[in-house]
Amino acid sequence: MSDVHGTADALAAAGNGADMLICLGDMLLFLDYADHTQGIFAELYGAEHARTYIRLRAERRFDEARQLTASIASRVTAERGTDMRTLTEEAARRQYARMFGALAEPAYLTYGNVDVPRMWDTYLKSGHHVIDGGRAEVGGIAFGFAGAGLVSPYRTPNEISETEFSAKLDALGEVDVICTHIPPAVPELLFDVKARRMETGSGALLETIRRIQPRYAFFGHVHNPLARRVRIGRTECVNVGHFRATREPFVVDL
């Protein structure tokens with residue numbers, strides 16, 4: 001599963017009957033494009049400001065969106081007696097406590113672009129295995145994990161350069177399954193049919209898939225892709241779904 005975005009109740013049942021549960025990141029819900037009253041932004045800035053902010057970002061008016069938050073922040077911090085960074089971190093920690101509390105064990109996880117990796121250790125259970133730029137052998141199958149998102153105009157919390165991401169992929173070696181948050185750079189996997197825009201994908205991931213030809217490449221990030229599955233050579237590339245919307249994991253028998 002991927003793009004859980006605060007859905008703790010469904011997360012609690014996601015691993016029922018499974019031998020292995022994999023989460024490909026984006027545990028936090030900062031902004032809900034489908035419901036502007038939900039998420040950390042609405043909690044801190046107010047639902048109506050969240051509606052405006054969503055509209056500006058959807059129209060790619062990023063400077064105006066940042067100006068909006070700056071204009072509201074001074075009032076919010078004065079009312080609450082602390083800075084926005086502290087308020088945002090407190091809200092994120094409350095969400096993480098609920099999410100990791102609901103997440104079954106064992107589970108294998110990597111980070112999404114809307115995650116704060118430094119916060120995770122506080123909430124992990126003993127059966128939660130976080131892997132980023134590494135591999136795990138489970139049932140004789142080699143899984144490789146590379147987390148984070150790539151640099152984008154949206155400036156989400158956990159974005160890295162393609163060079164940094166490529167180094168994580170190189171560290172995996174030969175694996176049977178590649179698990180990432182972002183997709184390979186294949187247009188039909190990147191186009192979001194509801195947002196009507198291309199999301200960011202990785203050319204390095206595409207080249208790694210072509211080179212090592214794993215059985216599967218699993219990812220998320222694009223909530224409503226034009227295509228959820230694409231074959232590259234012998235590799236089945238699968239967007240495992242926007243878990244917040246579907247509330248169900250993608251299930252595969254390896």
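Residues take their numbers from the sequence shown, with the count starting at 1. These numbers come from a predicted model, not from an experiment. Atom set for the values below is all heavy atoms of this structure, side chains included, hydrogens, waters and symmetry mates excluded.
Remark: of the listed residues Gln95, Met99, Met119, Gln95 is the sole one forming a side-chain contact (heavy atoms from CB on, under 4.5 Å) with Leu28. The side-chain contact (heavy atoms from CB on, under 4.5 Å) test with Leu21 singles out one residue from Met1, His128, Glu105, and that residue is Met1.
Between Arg197 atom CZ and Glu199 atom CD the span is 4.5 Å, to the nearest 0.5 Å. For the atom pair CG (Leu124) and CG (Leu109), the distance works out to 7.5 Å, reported to the nearest 0.5 Å. Rounding to the nearest 0.5 Å places CG of Leu172 at 7.5 Å from OG1 of Thr208. Ile160 CD1 to Asn113 CG: the interatomic distance, rounded to the nearest 0.5 Å, is 10.5 Å. Glu64 contributes atom CD, which lies 11.0 Å from atom OG1 of Thr52 (distance to the nearest 0.5 angstrom). In this structure, CZ in Phe62 is found 9.5 Å from CZ in Arg155, a value given to the nearest 0.5 Å.
Hydrophobic clustering (side-chain heavy atoms under 4.5 Å, transitive across Ile, Leu, Val, Met, Phe, Trp, Tyr) keeps Leu205 apart from Leu226. If you chain together hydrophobic residues whose side chains sit under 4.5 Å apart, Phe219 and Val151 never meet in one group. Tyr123 and Leu29 fall into different hydrophobic clusters, where Ile, Leu, Val, Met, Phe, Trp and Tyr side chains are chained together by heavy-atom contacts under 4.5 Å. Met27 is not connected to Val222 by any chain of hydrophobic side-chain contacts under 4.5 Å among Ile, Leu, Val, Met, Phe, Trp and Tyr, and they are in different clusters. Criterion: ILVMFWY side-chain heavy atoms under 4.5 Å apart, direct or through other members. Under it, Leu169 and Val186 are part of a common hydrophobic cluster.
The local environment of CG in Asp9 is crowded, with over 12 non-hydrogen atoms from other residues, nucleotides or ligands closer than 6.0 Å. Around the CZ atom of Arg85, the shell of radius 6.0 Å holds no more than 12 heavy atoms that belong to other residues, nucleotides or ligands. Counted within 6.0 Å of CZ on Arg196, heavy atoms from surrounding residues, nucleotides or ligands total 12 or fewer; the atom is thus considered open.
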Going through the checks in order, is the side-chain contact (heavy atoms from CB on, under 4.5 Å) test met by Arg94 and Glu43? CA-CA 12 Å; Arg94 288 192 293 272; Glu43 179 182 339; 2.5 Å; yes
Criterion salt bridge (charged side-chain N to carboxylate O under 4.0 Å, His left out) on Glu164 and Lys168, from CA distance to verdict: CA-CA 7 Å; Glu164 292 173 283; Lys168 293 183 185 185; over 6 Å; no
Derivation of the side-chain contact (heavy atoms from CB on, under 4.5 Å) call for Val114 and Asn158: CA-CA 6 Å; Val114 186; Asn158 190 32; over 6 Å; no
Leu87 vs Val76, test: side-chain contact (heavy atoms from CB on, under 4.5 Å). Steps then yes/no. CA-CA 10 Å; Leu87 291 170; Val76 172; 4.0 Å; yes
Tell me, with the steps shown, if Arg57 and Glu59 meet salt bridge (charged side-chain N to carboxylate O under 4.0 Å, His left out). CA-CA 5 Å; Arg57 283 170 63 91; Glu59 295 172 357; over 6 Å; no
Apply side-chain contact (heavy atoms from CB on, under 4.5 Å) to His223 and His5, showing your working. CA-CA 11 Å; His223 291 181; His5 293 305; 3.4 Å; yes
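By the 4.5 Å heavy-atom criterion applied to side chains, His49 and His36 are not counted as neighbours. No side-chain heavy atom of Pro225 sits under 4.5 Å from any side-chain heavy atom of Asp192. Here the side chains of Pro187 and Met198 are in contact, with some heavy-atom distance below 4.5 Å. At least one side-chain heavy atom of His181 sits under 4.5 Å from a side-chain heavy atom of Ser2. Using a 4.5 Å heavy-atom threshold, the side chains of Cys23 and Val4 count as touching. The shortest distance between side-chain heavy atoms of Thr86 and Met84 does not fall below 4.5 Å. In this structure, the side chains of Phe30 and Thr88 come closer than 4.5 Å at one or more pairs of heavy atoms. Counting heavy atoms from C-beta on, the side chains of Ile54 and Leu56 never come closer than 4.5 Å.
The main-chain N or O of Pro117 is never found under 3.5 Å from a side-chain atom of Asp115 such that the two would form a donor-acceptor pair. For the pair Thr235 (side chain) and Pro214 (backbone), a donor-acceptor distance under 3.5 Å is present. Remark: the backbone N or O of Gly203 is paired with a side-chain donor or acceptor of Glu162 at under 3.5 angstrom. Using modelled atom types, no side-chain atom of Asp26 and backbone atom of His221 make a donor-acceptor pair closer than 3.5 Å. Using a distance-only test at 3.5 Å, with no hydrogens or angles considered, no donor-acceptor pair links the side chain of Arg66 to the main chain of Thr69. Remark: side-chain polar atoms of Asp132 are paired, donor with acceptor, to backbone N or O of Gly147 under 3.5 angstrom. The main-chain N or O of Asp32 is never found under 3.5 Å from a side-chain atom of Asp35 such that the two would form a donor-acceptor pair. Listed for the Tyr33 side chain is no donor-acceptor partner under 3.5 Å among the backbone atoms of Ala58. Not one N or O on the side chain of Glu248 forms a donor-acceptor pair closer than 3.5 Å with the backbone of Ala10. Between the Thr180 side chain and the Ile182 main chain, a donor and an acceptor come within less than 3.5 Å of each other.
In this pair, Trp120 and Phe100 present their aromatic rings perpendicular. The plane angle is above 60°, beyond the 30 to 60° band.
Checked against a 6.0 Å centroid threshold, the rings of Phe41 and Tyr53 count as neighbours.
Classification of Arg93 and Glu89 as a salt-bridged pair holds, one side-chain N sitting under 4.0 Å from a carboxylate O. Contact check on Glu207 versus Arg211 returns no salt bridge, with no Lys/Arg side-chain nitrogen under 4.0 Å from an Asp/Glu carboxylate oxygen. Comment: Asp3 does not engage Arg244 in a salt bridge, judged by the lack of any side-chain N to carboxylate O separation of less than 4.0 angstrom. Between Arg215 and Glu236 there is no salt bridge, since no side-chain N of the basic residue sits under 4.0 Å from a carboxylate O of the acidic one.
The hydrophobic cluster around Tyr216 extends to Met20, Ile22, Leu24, Tyr108, Ile131, Val138, Ile141, Phe143, Phe145, Val177, Phe218, Val238, Val240, Phe250, Val252, Leu254, counting ILVMFWY residues whose side-chain heavy atoms fall within less than 4.5 Å of a member.
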